[in-house]
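These numbers were taken from a predicted model, which means no experiment stands behind them.
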Amino acid sequence: MGFADQRFTVNLSILFTDLPLLERPTAAAAAGFSEVELWWPWADSATPGRATLDGLRKAIEDAGVRLTGLNFYAGRLPGPDRGALSVPGEESDRFRANIDVAAGFAASLGCTALNALYGNRIAGVDPAEQDALALENLALAAHAADRIGAILLIEALNRTESPRYPLVSASAAVDVVDRVNEATGLGNARFLMDLYHLSMNGEDLPAVIERYTARTGHVQIADNPGRGAPGTGSLPLADLLDRLGKAGYEGRVGLEYQPGDRPSAEAFEWLPRAAR
């Protein structure tokens, strides 16, 4: 598979952030990409108004790109938060209010993958209480995803950058996937395999690929160290994508890396334009 034979989707919440949100889809198209993904674009609102939603929808449609992935509301991201669904009180309420908003927005653009970040551990709160709340909210999200023909993604992050996030291994994230599928009976929860985060945790990436590809709904990449473009670090990303292909992965690969000290439009020299 490697780079040349892969289908890439550009994450507009980490790339092209030198531009206003509504200009990023057109910039991605100008760089040769036809598919984009997003974290929840409005960190300060789980339920933005119709005009706000319509503005982004129109920008994506006018650019001629397809939205392939969207996060549910995740608190302040980028920032100190790593999700809201396991955080009792107002944040959990915001997540629940966001579920149908995010699913509706995704459906309007033909997006069929919704990512639900688990949330940080909260001092003074029993982790078991957080996990029970998380399962309730993830089940609600799985049902909403099912209604629009989408999958629900569960992601492992890395403990260095997210020390209070409990899912910091592939096995921990897949365990949550299994619990959600058991609770709902839908089978639409899947693992989001982010090779950068897993490498930061010191995991054996070929072993992760061999064990969990069949449970994987999406893959994201950045090089390590540095979270830059492929070739800026030491991860053998082309080889890892080859392994994924041989293991049966046929989905997209999200480009979720930092462009460095340059405009994002200049951060794709590693990938021939014909392969975008």
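In this structure, L153 belongs to a hydrophobic cluster whose other members, linked by side-chain heavy atoms under 4.5 Å apart, are I151, L192.
Counting only N and O atoms by type, the side chains of R82 and S162 include a donor and acceptor under 3.5 Å apart.
For A46, the side-chain contact (heavy atoms from CB on, under 4.5 Å) partners are Y73, R94, N98, not counting sequence neighbours. For S171, the side-chain contact (heavy atoms from CB on, under 4.5 Å) partners at least two apart in sequence or on another chain are S169, Y212. Taking the side-chain contact (heavy atoms from CB on, under 4.5 Å) definition, one finds that P88 meets it with V125, E129, Q130, L133, sequence neighbours left out.
Here the straight-line distance linking atom CG of L109 with atom CG of L38 works out to 9.5 Å at 0.5 Å rounding.
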Please lay out, stage by stage, how N71 and N115 fare under the test side chain to side chain donor-acceptor pair (under 3.5 Å).
CA-CA 4 Å; N71 282 22; N115 184 26; 3.3 Å; yes
Begin from the C-alpha positions of R57 and S108 and carry the test side chain to side chain donor-acceptor pair (under 3.5 Å) through to its verdict.
CA-CA 8 Å; R57 182 185 299 109; S108 73; 2.8 Å; yes
I'd like to know whether D54 forms a salt bridge (Lys or Arg N to Asp or Glu O under 4.0 Å) with K58, so could you lay out the CA-CA distance, the side-chain angles of the two residues, the decisive distance to 0.1 Å, and finally the verdict.
CA-CA 6 Å; D54 287 347; K58 185 175 186 300; over 6 Å; no
Given salt bridge (Lys or Arg N to Asp or Glu O under 4.0 Å), test K246 with D242 step by step and report yes or no.
CA-CA 6 Å; K246 291 173 183 175; D242 275 333; 5.8 Å; no
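Comment: D131 engages R121 in a salt bridge, judged by a side-chain N to carboxylate O separation of less than 4.0 angstrom.
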Side-chain donor-acceptor distances from residues 268-276 under 3.5 Å, at least two apart:
residue: E269; atom: OE1; partner: R262; partner atom: NH1; Å: 3.1
residue: E269; atom: OE2; partner: R262; partner atom: NH1; Å: 3.1
residue: W270; atom: NE1; partner: Y257; partner atom: OH; Å: 2.9
residue: W270; atom: NE1; partner: A267; partner atom: O; Å: 3.4
residue: R273; atom: NH1; partner: A31; partner atom: O; Å: 3.4
residue: R273; atom: NH2; partner: A30; partner atom: O; Å: 2.6
residue: R276; atom: NE; partner: L271; partner atom: O; Å: 3.1
residue: R276; atom: NH1; partner: A31; partner atom: O; Å: 2.7
residue: R276; atom: NH2; partner: F268; partner atom: O; Å: 2.8
residue: R276; atom: NH2; partner: L271; partner atom: O; Å: 3.0

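With N201 contributing its side chain and E203 its backbone, the two residues share no donor-acceptor pair below 3.5 Å. In terms of modelled atom types and a separation under 3.5 Å, the side chain of S264 and the main chain of F16 share a donor-acceptor contact.
For the salt bridge (charged side-chain N to carboxylate O under 4.0 Å, His left out) condition, the pairs that include at least one residue of residues 147-161, sequence neighbours left out, are D100-R147.
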